[in-house]
Amino acid sequence: MEQPHGEKKSTGHRWGMVIDLDKCSGCGACEVACMVENNIPFVEKGDYQRSRSISWMKVVPETEGTFPEVRTKFMPQPCMQCDNPPCTKVCPVHATYLNPEGIVAQVYWRCIGCRLCMAACPYTVKYFNWHNFQQAQPAAMTQYANPDVSLRDKGVVEKCTFCHHRLMKVKDQARLENREIRPGEYTVACQDNCPSKAIFFGDLNDPHSEVARLADNLRAFRLMDELGTQPKVIYLAERKRHD
Amino acid sequence: MNPPHNPGEPESPLVFRLQIALLSSFVLFASGVIIWVGRLLYVSWKLNDTFSASVFIALIAVPVFSLLIGVYNYVFWGIMRGGK
Amino acid sequence: MKISRRHLLVGGGTMAAGMTLLKGLVPDSADSATLLDDWTNHQEEWSLSVCQQCVGGCGVMVRQMDGRAVRIEGNPLHPVNQGGLCPKGLASLQGLYDPDRLTTPLRAKGKRGSGEFEPISWKDAAALVAGRLKTLRQEGKAHTALMLGGQFRGQRHGLFSRFWSAYGSPNYLRLRCVAPDEPAAAHAFMNGVSSPLAYDLAESRYVLAFGCNLLETGPAPVHQAAQFGRLRVRQDGGAHVTVVDPRMSVSAAKADLWVPVRPGTDGVLALAIAHVMLKENRYDKAFVAAHVQGFERFRQQVLAQYSPAIAAQITGIPEDTIRKIAQDFAPTGRPGEKPAVALGERGPAYSGDDLRTRLAIHALNALSGSLGKAGGVVLQTPAPLAPWPALPQDAPAKTGLSHPPLANRDMGALLAALKAGKSSAKGYPVNALFLYYANPAFSLGGGREEWNQAIQNIPLVVSFSPWLDDSARQADLILPDAHWLERWQDDSVSHLPGFASFSAAPPALPAAGGLPTEEFFLELARALGGTTAQALPWKTYGDVLAHKAQGLYGAKRGAVTDPKGPRPVGAFGSFAEFWKALQTRGAWADNRPGNPLARPFNLSPDVPGKEYWVNALLAGRQSALGAAETKAKTNTPSEAPGNFPFQLVTFKTNTRSGTRGANQPWLQQNASHHLRQGWDGWVEINPDDAQRLDIDDQDPVWVSSARGKIRMNARLYPGTRPGVVHIPYGPGHQGVGRWAQEGENPNQLMATTFDPHTRQPLWGDTWVHIERA
Amino acid sequence: MTEIQKNEHDAVLIRSIFQTPSWYWPAVAVLGSLVVLGFGAYLFQFFLGLGETGLNQPVTWGFYITNFVFFIGISHAGTLISAILRLSQTEWRRPITRIAEVITVAVLGIGGMNILLDLGRPDRMLNMIYYGRYQSPLLWDMTSITTYLTASSVYLFIPMIPDIAILRDLCPPGPRKVFYQVLALGWQGTPRQEKVLNRATAIMAIMVIPIAVSVHTVVAFVFSMTLQPMWHSSIFGPYFVAGALFSGVAMLLIVMAILRKVFHLEDYLQPIHFNYLGLLLLVFTLFWTYFTFAEYLTAFYGNEPDEMRVFWAKWDGPWAWGFWGMVICNFFIPVIILSINRFRTITGTVIASSTILIGMWLERFIIVVPTLANPRQHRLPTGSYWPTWVEFSLMTGSFALFALFYLVFSRFFPLVSIHEVREGREHSDDIALERIHRYRIGNGYIKE
């Protein structure tokens with residue numbers, strides 16, 4: 001079951017992400033970059049306090065210890081895009097599935113909103129539209145909606161898609177120019193806007209790509225690897241510098 | 001003994017038609033389920049999506065519903081004819 | 001087949017650029033052509049600007065579809081942020097399309113502060129302001145016009161000060177939480193340099209940051225985060241980062257060592273580190289011999305007074321830790337060793353002796369010999385912008401300027417002067433007040449009551465805020481500024497990155513109805529005529545920027561960023577070409593850092609105060625500590641409110657971006673990352689303290705000071721020093737918009753005391769009482 | 001004039017069909033308005049989104065799924081118990097079977113409905129048919145519940161044919177008579193018809209048992225197929241089945257007690273029935289406790305951190321009220337009442353059954369919610385959940401709908417099988433004697 005992180009799965013692309021926790025400055029830009037790019041609605045205070053906010057990318061803090069020996073660690077968590085996703089198995093209607101390039105896709109217009117995938121996801125990175133959030137907002141606030149990405153209706157589950165629309169765009173462009181996608185042509189919003197450049201994205205099947213190289217790093221680990229979900233989001237552990 | 005009902009006479013054609021309708025709607029429903037299961041089999045084959053699981057469940061569901069159709073028909077025709 | 005392909009493209013949300021290319025491939029049938037037209041005539045455009053959500057000066061790119069801004073992201077070519085952008089910047093489109101943003105001028109109806117306004121036209125508004133200013137000038141009261149500017153960027157500062165100088169008022173003041181001049185005051189005493197210092201963090205060996213939350217709220221957070229990213233992956237293992245802060249900020253959490261110093265004692269800690277370095281002979285002797293003055297006096301006093309044992313008592317940091325920091329910080333003299341830097345760059349004052357604390361921190365840079373070296377402390381070189389033309393002044397202007405200003409960066413004095421009004425002996429009443437990027441009713445300690453009282457006798461209060469903010473509610477006239485994406489925007493790096501940079505970009509979007517205030521002032525100058533009009537001869541603010549940029553072209557220094565690599569200024573054939581490139585590429589930059597060693601480094605400068613600064617710092621801290629101990633001893637939390645055992649320190653997270661960014665729900669939702677807390681304010685308490693007070697996480701509590709009382713939720717955060725509580729600054733507006741009003745403003749609790757030398761408000765001097773609500 | 005009227009006892013069984021009791025319409029009105037309130041709440045939720053409930057991230061399931069599992073569990077009372085009793089030729093089953101089977105049919109529909117209530121997009125229900133995939137446990141549920149509902153309906157209907165024939169014979173001409181005529185299938189009680197009926201009933205009884213077991217097993221699989229702590233457990237299938245039988249018998253007892261009072265069935269539902277079912281309930285109580293013990297001890301002993309977070313949340317955390325409420329209601333009270341002969345009266349069993357229903361509801365809740373509130377992703381704050389009026393209304397509506405179904409059913413069909421009771425009255429001595437003789441030691445006795 002256990003496979004090395006950068007292992008070849010198929011001959012095609014296998015998109016993956018590497019997040020260097022040592023470089024990450026815990027700023028949360030990835031969260032908002034994702035919200036802007038993917039038309040993620042904000043939720044009003046009431047729904048926020050009832051834990052209905054949506055954040056495909058989430059910088060999760062973990063504070064350990066007592067004063068003064070305290071450490072807070074920050075871990076940006078998008079969908080882990082598992083190679084063996086527990087969420088796609090349980091979907092009753094083919095609304096979430098692992099696509100051939102390794103992206104766990106979510107078909108909003110087919111989802112019936114049973115939320116079994118949310119219950120099955122051990123990383124808790126799938127989100128539900130509890131209300132028609134965008135419709136409830138003042139009309140002015142939808143003006144900045146990205147036309148490349150659909151607005152989600154109430155009642156469906158959504159999640160990080162590795163900015164799939166960008167891949168489609170890049171592929172269309174490549175097809176029109178009658179060529180293959182170039183390495184580094186397909187980027188994701190969180191990676192583009194990361195101030196400390198802690199997020200790397202690319203083809204894990206391409207041995208020359210930076211992600212493939214970093215995935216073999218000694219610091220590389222995957223979240224809840226023991227579950228056998230084989231995530232394609234790979235973390236590089238923080239280095240200890242205390243002597 | 002049972003004045004309102006004459007056991008020897010067949011019931012009105014309306015009653016018989018409704019009985020047939022009842023029977024056919026059940027048969028239709030049950031075969032609908034069988035067809036549905038079959039379709040799911042086809043879809044899972046087509047999409048290469050755990051065909052084995054579908055086969056396994058179909059192997060149970062289809063005979064059960066066939067049996068239900070059988071039992072229902074057996075009761076229906078058995079009682080209808082048994083009254084003579 | 002074609003139809004399905006088209007559907008696929010539309011369904012997949014393919015953008016217009018791809019469509020336009022596709023158009024050429026489709027057979028020339030009228031039908032498909034019209035259909036395609038419907039899909040393809042979307043206008044996609046990218047334009048550049050400089051983010052104004054904080055003072056960082058990051059270059060941004062805005063993607064527009066049919067005139068709507070649909071994405072904002074970092075400009076990968078910009079030298080400050082290199083493509084990165086922080087949450088504030090990314091959320092700024094919510095400010096742009098905020099339904100609560102004002103787009104027409106408003107005039108107060110009825111009593112001031114009643115909150116009732118009526119729209120008026122820009123023409124009427126301009127005539128009204130110009131008329132009033134003309135009258136004042138004629139009456140010889142030009143000096144009684146006061147403009148308060150806040151945290152805005154670019155050449156508009158020069159424009160405004162030029163306007164007021166030409167008009168005749170000495171009262172153009174700026175209120176800034178991160179003002180480059182505050183740290184610079186200390187540097188000026190020691191280094192004799194007036195321009196800000198810069199720190200080459202990515203290349204340094206050891207970064208010792210005192211109280212500055214570099215990664216969240218530093219002067220250029222994105223740039224510093226990029227530097228942090230670089231110093232972490234350096235081949236030599238990277239720099240060691242130590243953050244001294246009573247609260248474990250995100251920077252402290254990401255640092256290798258967090259030093260939870262008692263608030264206000266950073267200076268003592270710095271000098272204790274100096275003590276160890278001096279005692280163990282671990283300082284850069286060559287550097288000291290060559291460049292440092294006043295060393296002997298400094299050495300003797302530090303050695304005599306700042307032993308780690310004493311410092312441990314005052315700062316609350318164990319002796320061993322102090323020694324360890326000193327030993328790691330100190331140069332070893334190995335060849336090729338990178339320098340270690342000590343940073344005291346923070347906007348808000350260190351509570352206590354602000355100036356002396358900054359001197360103490362900067363002294364460490366001399367001992368480690370890090371000045372003027374790569375990886376050390378360098379000088380922020382200014383961009384060679386063209387100077388302003390000579391200022392014509394007529395008699396009324398000269399008369400006006402002969403009056404002393406009401407205050408000089410000193411909000412305490414200003415408040416007193418405003419309150420005194422006519423009754424003041426030396427001062428004079430203010431007749432017209434202009435607020436630009438300033439919301440004192442919110443940002444001043446003591447809050448809105450204090451402010452409202454101060455302005456009640458001013459006959460005309462004008463706010464340029466595009467939001468009906470706390471202060472604008474009390475104005476007579478609101479002339480909404482345009483959003484920064486709707487106006488010419490420029491920025492030049494002012495401090496910290498080290499390199500010089502200048503960006504200028506035309507409006508990224510058409511204005512929604514607001515008028516850029518600088519354009520309003522240009523128009524005002526034309527309306528006033530005479531020398532005021534002569535002083536501001538430009539038609540638009542763009543012309544001002546073109547004028548300033550001519551200096552860059554003339555200096556033939558630096559280069560314009562370009563996808564193919566920086567293009568040297570010398571490579572441009574004409575200014576027009578250079579100016580065009582600057583606007584379309586985002587920035588001009590010059591990477592040659594300045595050397596701060598133009599003058600010798602003086603460890604014993606003459607600073608205000610009778611005592612030698614090293615001695616005074618300790619004395620001040622010891623007496624403050626004694627007072628605090630008495631406070632903590634005599635006032636136990638079980639006693640009635642009015643006894644204040646906790647020291648209150650406010651902080652900002654990287655999602656609080658001042659009044660203009662307050663009404664952005666994404667930022668409200670992501671208010672803090674270390675606690676994952678959104679929307680409301682909260683008070684951070686050490687879990688042990690909370691346990692004593694029987695307070696659980698998320699329990700509502702009352703926080704009361706001598707000034708006021710606010711209710712908020714408690715968050716138990718082990719990264720809080722016992723005896724100290726922290727409240728984030730930013731939420732709790734009265735006004736601004738529907739989302740900005742959540743939470744409570746800690747300024748309601750704040751004492752308004754000011755540092756005697758730097759005149760900065762001392763936010764850390766507030767003591768509070770906490771009790772479960 | 002008919003056989004029925006000759007026999008005063010059986011007349012009571014059809015009295016409610018031809019005469020409306022005085023309480024009937026008020027009861028329908030009350031229940032109907034509760035159902036309407038529930039429907040209103042559903043419309044509210046439908047148009048404004050599931051955000052109107054107390055559900056959130058990560059507690060994405062709450063009352064609806066709890067009710068779904070609870071109602072599906074109750075459904076085991078009926079057909080399964082009736083089939084087991086029939087196959088084992090238990091004599092005292094005769095007045096009980098129909099009451100039990102009706103529970104199944106009513107409650108299965110309501111259970112399935114609760115899944116619909118939980119869907120974010122109920123308008124896309126048909127996607128389950130268009131795009132269904134058998135890898136998902138939800139499809140297993142759907143198939144198995146459909147099968148069970150169909151089989152239960154058939155199983156309810158077949159033994160009812162002779163009773164319908166009696167009603168047909170009594171009914172004055174009119175649409176209602178046609179209704180009975182259609183359903184009676186021309187039943188005249190000929191030996192051949194009897195044979196067909198008995199054979200079909202036997203086949204159905206055998207078939208329905210594995211289906212019923214499968215239903216609750218796959219309901220459990222919805223949870224246990226995920227990797228979530230305290231869900232991912234192989235015991236879940238049998239545990240759920242045991243719990244289902246447990247709560248089902250409890251519901252049966254309560255329904256029996258109510259019907260006994262309301263429809264004056266004292267002669268048919270006697271203390272002995274309650275006593276026997278009470279004993280059965282006691283067995284199930286112990287079974288359930290054993291399963292619970294096994295489940296929790298395994299989790300506790302293994303001490304896996306993710307599991308323990310859920311475990312402690314139930315043991316002395318925010319959900320302790322539910323956990324301990326469940327233990328008290330499902331174990332302590334029933335064991336005390338049911339194991340003491342003196343307490344195993346009608347009142348006693350009804351009290352025990354009521355606490356068991358509460359306890360089993362809590363058990364379902366305590367399985368669904370604490371795990372979701374404490375996902376493996378422990379760095380995030382733990383979830384909390386408190387339902388809103390929408391969920392309360394829909395839960396009340398669900399129960400009201402169940403009662404209403406019963407009321408409507410009682411207007412059309414006898415609640416106690418006249419045919420079986422009569423058969424019992426006429427033949428049970430012989431049947432019992434023959435059975436006893438068949439296995440009595442020294443079998444030659446009867447031939448002698």
Side-chain angles (χ1 to χ4, degrees), chain B residues 1-12 14-23 26 29-30 32-33 35-37 39-41 43-44 47 49-58 60-65 67-84, chain D residues 1-3 128-137 139-140 142-144 146-148 150-151 153-155 157-158 161-162 165-166 168-173 177-197 199-201 203-204 207-208 210-211 214 218:
Chain B
M1 283 303 262
N2 278 349
H5 179 69
N6 190 344
E9 271 175 42
E11 278 151 343
S12 67
L14 171 71
V15 169
F16 183 70
R17 260 182 244 138
L18 285 174
Q19 280 167 339
I20 290 296
L22 189 71
L23 175 73
F26 180 82
F29 169 74
V33 172
I35 291 165
W36 172 60
V37 172
R39 191 194 131 76
L40 294 190
L41 264 178
V43 169
S44 68
L47 296 178
D49 181 53
T50 51
F51 183 62
S52 53
S54 308
V55 169
F56 185 75
I57 291 164
I60 303 167
V62 171
V64 166
F65 273 92
L67 190 64
L68 279 175
I69 294 176
V71 170
Y72 202 90
N73 272 293
Y74 172 67
V75 170
F76 190 87
W77 297 115
I79 292 180
M80 294 282 269
R81 288 201 189 121
K84 296 272 161 62
Chain D
M1 76 192 177
T2 64
E3 269 180 89
M128 293 276 279
I129 288 165
Y130 295 148
Y131 306 109
R133 51 195 294 273
Y134 266 128
Q135 201 184 4
S136 167
L139 256 281
W140 310 348
M142 186 174 167
T143 310
S144 140
T146 312
T147 315
Y148 191 39
T150 317
S153 308
V154 172
Y155 184 59
F157 172 60
I158 291 175
I161 292 172
I166 294 170
R168 171 196 66 194
D169 297 347
L170 284 173
C171 199
K177 187 177 181 79
V178 174
F179 173 69
Y180 287 130
Q181 275 176 333
V182 170
L183 290 181
L185 300 177
W187 173 269
Q188 280 145 25
T190 62
R192 198 169 150 207
Q193 284 177 326
E194 290 275 4
K195 198 179 143 206
V196 168
L197 191 79
R199 192 180 282 168
T201 310
I203 294 173
M204 286 310 297
M207 197 163 97
V208 110
I211 295 176
S214 82
V218 297

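Fair warning: this is a prediction, and the values are worked out from it, not measured in the lab. Order of the sequence lines fixes the chain letters, A, B, ..., with proteins taken first and strands second; residue numbering starts at 1 for each chain.
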*Identify the two heavy atoms, one from D:Met207 and one from B:Leu67, that lie closest to each other, and give their separation to 0.1 Å.*
SD-CD2, 2.8 Å
_Contact class of B:Leu18 relative to chain D, heavy atoms under 4.5 angstrom_ = both
_Spatial distance of atom CD (D:Gln188) from atom CD1 (B:Ile79) [nearest 0.5 Å]_ = 11.0 Å
_Between B:Ile60 and D:Thr143, is there a side-chain heavy-atom distance shorter than 4.5 Å?_
no
*Taking the side chain from B:Gln19 and the backbone from D:Ala184, do they hold a donor-acceptor pair closer than 3.5 Å?*
no
*Side-chain heavy-atom pair D:Arg199, B:Val75 within 4.5 angstrom cut-off*: no
*Relative to chain D, which segment of B:Phe26 carries a heavy atom at a distance below 4.5 Å: side chain, backbone, both, or neither?*
side chain
*Can you tell which part of D:Met128 gets under 4.5 Å to a heavy atom of chain B, answering side chain, backbone, both or neither?*
backbone
*Close side-chain approach of D:Val196 and B:Tyr74, heavy atoms under 4.5 Å*: yes
*Name the region of D:Phe157, side chain, backbone, both or neither, that has any atom closer than 4.5 Å to a heavy atom of chain B.*
side chain
*Do you know which of B:Val55, B:Leu22, B:Val33, B:Leu40 has the most heavy-atom pairs with chain D at a distance under 4.5 angstrom?*
B:Leu40
*For B:Phe65, is it the side chain, the backbone, both or neither that has a heavy atom under 4.5 Å from a heavy atom of chain D?*
side chain
_To the nearest 0.5 Å, what is the distance between CD on D:Gln135 and CD1 on B:Ile57?_
10.0 Å
*Given side chains that start at C-beta, do those of D:Tyr134 and B:Phe56 come closer than 4.5 Å, heavy atoms only?*
no
*Heavy-atom distances under 4.5 Å only: say whether B:Phe29 touches chain D with side chain, backbone, both or neither.*
side chain
*asked:* With rounding to the nearest 0.5 angstrom, report the CG to CG distance, D:Leu185 to B:Leu23.
replied: 9.0 Å
_Part of B:Val64 within contact of chain D (heavy atom distance under 4.5 Å)_ = both
*Value rounded to 0.5 Å, distance of CE in B:Met80 from CH2 in D:Trp187*: 14.0 Å
*Quick one: closest heavy-atom pair of D:Ala151 and B:Leu68, and the distance?*
CA-CD2, 4.0 Å
*asked:* Using heavy-atom distances under 4.5 Å, tell me whether B:Thr50 contacts chain D through its side chain, its backbone, both, or neither.
replied: side chain
*What option among D:Thr150, D:Leu197, D:Ile203 has the most heavy-atom pairs under 4.5 Å with chain B?*
D:Thr150
